[in-house]
Each structure stands twice: as structure tokens, then as C-alpha cells.
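Remarks on the structure that follows.
Sequence positions, counted from 1, serve as the residue numbers for this chain.
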Amino acid sequence: MHVEIHGHRGARGLRPENTLPGLAHALEVGVDALEFDVAMTADRRLVLTHDLTVSAVTSADVRPAFRGDPLFPYVGRPIGSLTLAQLRTLDCGVRLPQHPEDRFAATQVPVPDTRMPTLGAVLGLVDAYGADGVRLHVELKSDPTRPDLSADPRELTEMVVAELDRHHRLGRAAILSFDWRILRIARELVPATQRYALIELDTLDSVWLDGLELADFGGDVPAAAAAAGGTTVSPEHVMVDEHFMRQAAAAGLPVVPWTVNATGRAAELADLGVAGIVTDYPDRMRTLWTERGLTPPAPVTARRTAAV
């Protein structure tokens with residue numbers, strides 16, 4: 001059975017996350033799907049960032065966008081309060097080894113002077129690589145418990161869909177979110193595009209699940225995900241066991257767990273029948289796939305230079 005390899009935030013364990021160098025490296029390693037996170041700036045541009053505030057782990061202040069900018073320094077400020085010009089001054093290519101929350105500084109190769117890219121730049125990069133066989137998994141960052149930090153979910157979804165459509169990518173993309181309101185909106189806008197219902201133990205609450213109560217589904221997460229408009233259920237890997245897989249099969253949904261970096265756990269999940277593995281280390285999974293007689297996805301090399 002084929003099990004896909006999904007590069008998490010590009011290849012977070014190997015190169016800076018949610019950056020053009022990181023995404024390019026994931027393509028060159030070889031992945032079935034390229035996963036990354038998108039949020040909206042103050043001037044309504046779509047940028048790649050996992051956090052709704054500028055992360056001190058992945059971003060460093062370099063200079064203000066203009067002399068005397070009252071919002072400088074930018075680290076720690078909400079993404080939605082800063083313009084693209086302000087965010088583009090950040091260096092997103094060097095992790096901070098001394099930061100207590102960092103788990104990847106030991107394995108991630110830094111790429112200094114790397115900027116936070118727009119979604120359009122990423123789509124240009126993928127086109128430059130001619131990576132037509134690689135799906136783009138766009139996670140829309142939205143926290144329904146923090147509307148002060150999150151863009152309007154409909155506007156965010158409409159903008160992402162429009163950008164994907166402009167680059168003729170809707171048929172080779174998937175919309176992902178923990179905020180299941182976005183799944184409903186995406187189903188309305190682009191019913192043929194795949195929708196991944198992200199879930200973790202901390203989001204088993206109706207505020208995240210577009211008002212659905214898990215109790216109404218007997219605690220069956222895949223059944224709730226299907227009702228919310230998901231075409232795939234993508235849980236934190238600790239949630240996946242034989243019982244979860246049976247529930248997903250009954251709901252008619254494939255299971256793609258995240259984030260799996262240990263090859264032993266990946267092997268267990270493959271044996272359970274998951275459809276794919278989301279990983280920070282696609283190189284490790286490719287080695288495991290080869291050892292198990294599975295065919296890893298083909299590496300992709302650039303056919304022309306992408307504009308950033």
C-alpha cells in the first residue's frame with residue numbers, strides 16, 4: 001500500500017520552516033505533498049508563518065521598515081498588525097539555539113538573510129521547479145479563541161482560494177485547518193478541492209469544530225470531521241490507534257497523522273493503514289520507505305529560477 005510523505009512546513013528538521021529555501025529543499029529531497037502555513041498581514045497580503053505573532057524562535061529583527069517605525073521591533077507582535085514590508089525585514093533563516101523551545105537547531109541547516117515569503121512567491125517557486133506532481137497543502141492559520149489575532153475566516157479562505165486559482169493550482173492543492181469553519185467555507189467555495197480536518201487533543205472543543213459537539217458523534221472524531229466538510233482527517237499522531245482507524249474507515253476518510261519524526265512510530269502508523277505521514281524529516285521517511293519496499297516520491301529539481 002502506498003503511504004505518502006508530506007513535508008511539514010517544507011522540511012522543518014532540515015531547513016528553515018515556511019521559507020523558500022526550506023520548501024525548495026523539501027522538493028529536492030522528494031515529497032508527495034508540500035505543507036506550509038499561511039496568515040494575513042495588516043495590508044491583506046498572504047504570508048507564510050506558523051504563528052499568529054512573530055516568533056522569536058524562527059524570526060529575528062534586523063532593521064525597521066522605515067526610520068522611526070513605532071512598531072519596531074517586530075518580534076512578538078501580531079502578524080495581522082504588521083505590513084508585508086515590515087515582515088520582510090525579518091531574518092527567518094536562522095534558528096536561535098539558545099531558545100528553550102527550539103527542537104530543531106541541531107539538525108536544521110541555517111540559511112541566513114532569508115525572508116518571510118508570500119503565498120504567491122511560493123506558488124512561483126513550485127512552478128519554477130515544475131513540481132506538478134507535488135500537492136500543495138496550505139494550512140490556514142486561524143484561532144477561533146483569538147479573533148484579535150486571526151483574520152476573518154471567510155476572507156482568509158477566499159483570498160487563499162483566489163491565489164491558488166490564479167496559479168492554476170486548485171486541482172493540485174488541499175486546504176488544511178484546525179479551525180473547522182474554514183473547512184465549511186472551503187467546501188462552499190471549492191467543493192472539489194481536498195480539505196484536511198486538522199485535530200489535536202487541545203482542539204477537541206466545539207469552538208474549534210465549527211460548533212459541532214463531539215458528544216453528538218459519540219466522541220467519534222472522524223465522523224465529526226466528515227460532517228464538518230473534511231475529506232481527510234489529520235490528527236496529532238498520538239491520537240491514532242486501531243480504534244481511530246476503524247472510525248475513519250466507517251466515516252470514509254483517509255487518515256494523515258502529524259508530526260511524525262521517529263521512524264519507529266512511522267512504521268507503526270503505516271502498518272495501521274494511514275494514507276500519509278506528515279514529517280519534519282522527509283529524508284528519514286524516504287529511507288524507511290525504501291527499507292520497507294515502498295516507493296518514495298521522486299525528487300524534483302528546478303527547471304528555471306523563481307522570483308522571490
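Tracing side-chain contacts under 4.5 Å through hydrophobic residues (I, L, V, M, F, W, Y), one never reaches Leu34 starting from Phe104; they form parts of separate clusters.
Rounded to the nearest 0.5 angstrom, Leu23 CG and Leu125 CG are separated by 6.5 Å. The structure places CZ of Phe36 at 16.0 Å from CZ of Arg12, a figure rounded to the nearest 0.5 Å. A distance of 12.5 Å separates CD in Glu17 from OG1 in Thr114, rounded to the nearest 0.5 Å. Going from atom CG of Asn18 over to atom NE2 of His8 covers 8.0 Å, rounded to the nearest 0.5 Å. We find the NE2-CZ distance between His167 and Arg172 to be 11.5 Å, quoted to the nearest 0.5 Å. The line from CZ of Arg9 to NE2 of His50 is 3.5 Å long, rounded to the nearest 0.5 Å.
Heavy-atom minimum distance, Leu183 versus Ala228: CB-O, 3.7 Å. Between Val94 and Pro112, the shortest heavy-atom distance links the atoms CG2-CA, 3.7 Å. Between Val111 and Pro21, the closest heavy-atom pair is CG1-CG, 4.0 Å. When all heavy atoms of Thr263 and Leu288 are compared, the pair lying nearest together is O-CD2, 3.5 Å.
With side-chain heavy atoms closer than 4.5 Å counting as contact, directly or through intermediates, the hydrophobic cluster containing Val54 also holds Val47, Leu71, Phe72, Tyr74, Val75, Ile79, Leu82, Leu84, Leu87, Leu90, Met116. When hydrophobic side chains of Ile, Leu, Val, Met, Phe, Trp and Tyr are connected at separations under 4.5 Å, Leu52 ends up clustered with Leu149.
In the displayed structure, Arg45 atom CZ is contacted under 6.0 Å by at most 12 heavy atoms of other residues, nucleotides or ligands. Residue Arg292 places its CZ atom among more than 12 non-hydrogen atoms of other residues, nucleotides or ligands, all under 6.0 Å distant. With a 6.0 Å radius and a threshold of 12 heavy atoms from other residues, nucleotides or ligands, His2 has its NE2 atom above the threshold.
Using modelled atom types, one side-chain atom of Asp91 and one backbone atom of Asp113 make a donor-acceptor pair closer than 3.5 Å. Side-chain atoms of Trp289 come within 3.5 Å of backbone N or O of Val3 as a donor-acceptor pair.
Between Arg169 and Asp132, at least one side-chain nitrogen of the basic residue sits less than 4.0 Å from a carboxylate oxygen of the acidic one, meeting the salt-bridge criterion. Ion pair Asp61/Arg63 not flagged as a salt bridge, since none of the NZ, NE, NH1 or NH2 atoms sits closer than 4.0 Å to an Asp/Glu carboxylate oxygen. Here Asp179 pairs with Arg181 in a salt bridge; the nearest charged N to carboxylate O distance falls below 4.0 Å.
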For Arg146 and Thr53, run side-chain contact (heavy atoms from CB on, under 4.5 Å): C-alpha distance rounded to whole Å, both residues' side-chain angles, the deciding distance at 0.1 Å, then the answer. CA-CA 11 Å; Arg146 294 298 306 271; Thr53 57; over 6 Å; no
Go through Tyr281 and Leu14 one step at a time and tell me if the side-chain contact (heavy atoms from CB on, under 4.5 Å) criterion holds. CA-CA 7 Å; Tyr281 295 95; Leu14 306 175; 3.8 Å; yes
For Met245 and Val240, what are the C-alpha separation, side-chain angles and deciding distance, and is it a side-chain contact (heavy atoms from CB on, under 4.5 Å)? CA-CA 7 Å; Met245 294 299 296; Val240 180; 3.8 Å; yes
Walk me through it: do Thr19 and Thr58 pass the test side-chain contact (heavy atoms from CB on, under 4.5 Å)? CA-CA 10 Å; Thr19 66; Thr58 63; over 6 Å; no
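Ring geometry for His6 versus Tyr196: interplanar angle of 30 to 60°, hence tilted. Aromatic ring orientation, Phe178 versus Trp258: perpendicular (interplanar angle above 60°, classes split at 30° and 60°).
A donor and an acceptor atom, one from each side chain of Tyr129 and Glu28, are located under 3.5 Å apart. Of the N and O atoms on the side chains of Thr49 and Asp51, not one donor lies less than 3.5 Å from an acceptor on the other residue.
Only one option out of Leu209, Asp205, Asp220 pairs with Leu214 in a side chain to side chain contact (heavy atoms under 4.5 Å, CB included); it is Leu209.
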